[in-house]
Amino acid sequence: LENEEISDPFMSRAVRLAVDGVPVDTIRKTLTDEMSALSTRHDSARGVFDFMGAIAPAMGMIGTLIGLVQMLQNLDDPSSIGPAMAVAMLTTLYGSLIANLICIPLADKLKDRNTVECANMVLVIEGIESIVKGENAMITKEKLEAFLAPVQREVQEGD
């Protein structure tokens, strides 16, 4: 394992700790702390998009109110009311579009990616722990397959 090239940095670190003879509890704590820190960073980035998604419609409404105030200032010119009202209403549309087409989907995508990444990290942690403890390969396989959905297990068995 020492000479193997492992592309995933997390798994590489886990293997290096195992090869170096670090105790199982220390390996688990180190890798779990790293996973927790990663998740915290992801939550922080996702929070920005959650906030923007929540605030964008309100900003659109504020824009509409400002546009309506400007429109009401020119009530003496009836031909300007329609175009001014249209411009005022566009800000609500823009706020809704920014929230529902950009910010909220991005926040959801970040949440999903974090979930997948953390699930993969848990798999690595469990696998390395099982290897370091010297458990039977079949037990290790069964333990790791428990993390997979039944459909994914069938795909693995067919390979």
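A donor-acceptor contact shorter than 3.5 Å is absent between the side chain of S130 and the backbone of E126. Within the 3.5 Å criterion, the main-chain N or O of V22 finds no donor-acceptor partner in the side chain of D20. In terms of modelled atom types and a separation under 3.5 Å, the side chain of T91 and the main chain of T64 share a donor-acceptor contact.
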Verdict with supporting geometry, L31 and L17, side chain to side chain contact (heavy atoms under 4.5 Å, CB included): CA-CA 10 Å; L31 297 176; L17 289 169; 4.3 Å; yes
Worked verdict on E135 versus E129 for side chain to side chain contact (heavy atoms under 4.5 Å, CB included): CA-CA 9 Å; E135 293 178 345; E129 181 177 339; over 6 Å; no
Worked verdict on I125 versus R28 for side chain to side chain contact (heavy atoms under 4.5 Å, CB included): CA-CA 6 Å; I125 292 168; R28 177 175 278 282; 3.8 Å; yes
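In this structure, V19 is a member of the same hydrophobic cluster as V24, with clusters built from ILVMFWY side-chain heavy atoms closer than 4.5 Å. Linking ILVMFWY residues whenever their side-chain heavy atoms come closer than 4.5 Å, directly or via other members, leaves I66 and V87 in distinct clusters. Hydrophobic clustering, with ILVMFWY side chains joined whenever heavy atoms are under 4.5 angstrom apart, groups I62 together with I55. Linking ILVMFWY side-chain heavy atoms closer than 4.5 Å, directly or via other members, places L65 and M61 in two distinct hydrophobic clusters. Note: the hydrophobic cluster containing V116 does not contain V122 (ILVMFWY, side chain heavy atoms under 4.5 Å, direct or indirect links).
Side-chain contact of S80 with N74: a donor-acceptor pair under 3.5 Å is absent, judged by distance alone.
Closest approach of P105 and A99 over heavy atoms only: CD-O, 3.8 Å. Summarising the geometry of S12 relative to I6, their closest heavy-atom pair is N-CG2, 3.8 Å, with the distance given to 0.1 Å. I104 approaches G53 most closely through the heavy-atom pair CG1-CA, 4.0 Å. Taking both residues in full, the closest heavy atoms of I128 and A14 are given as CG1-CB, 3.6 Å, listed atom of the first, atom of the second, then distance. Listed here is the closest heavy atom pair of H42 and N114: ND1-OD1, 2.8 Å. Here the shortest heavy-atom pairing between C118 and M35 reads O-SD, 3.5 Å.
Shown are D33, T26, T32, D25; of these, the side chain to side chain donor-acceptor pair (under 3.5 Å) with K29 is made only by D33.
Looking at T92 and P57, their side chains never come closer than 4.5 Å, going by heavy atoms from C-beta outward. Proximity of M121 to L38: side-chain heavy atoms (C-beta onward) are separated by under 4.5 Å at one or more points.
Atom-to-atom distance recorded for D108:CG and F49:CZ is 12.0 Å, nearest 0.5 angstrom. Taken to the nearest 0.5 Å, the NZ atom of K143 stands 11.0 Å off from the CG atom of N136. Interatomic distance, R46 CZ to L106 CG, rounded to the nearest 0.5 Å: 12.5 Å.
Through direct or relayed side-chain contacts under 4.5 Å between Ile, Leu, Val, Met, Phe, Trp and Tyr, I81 connects to L68, M71, L72, L75, M85, M89.
In F10, the CZ atom is crowded: over 12 heavy atoms of neighbouring residues, nucleotides or ligands sit closer than 6.0 Å. A 6.0 Å sphere centred on NZ of K111 holds no more than 12 heavy atoms belonging to other residues, nucleotides or ligands.
Taking L123 as the reference, L144, F147 meet the side-chain contact (heavy atoms from CB on, under 4.5 Å) condition, with sequence neighbours excluded.
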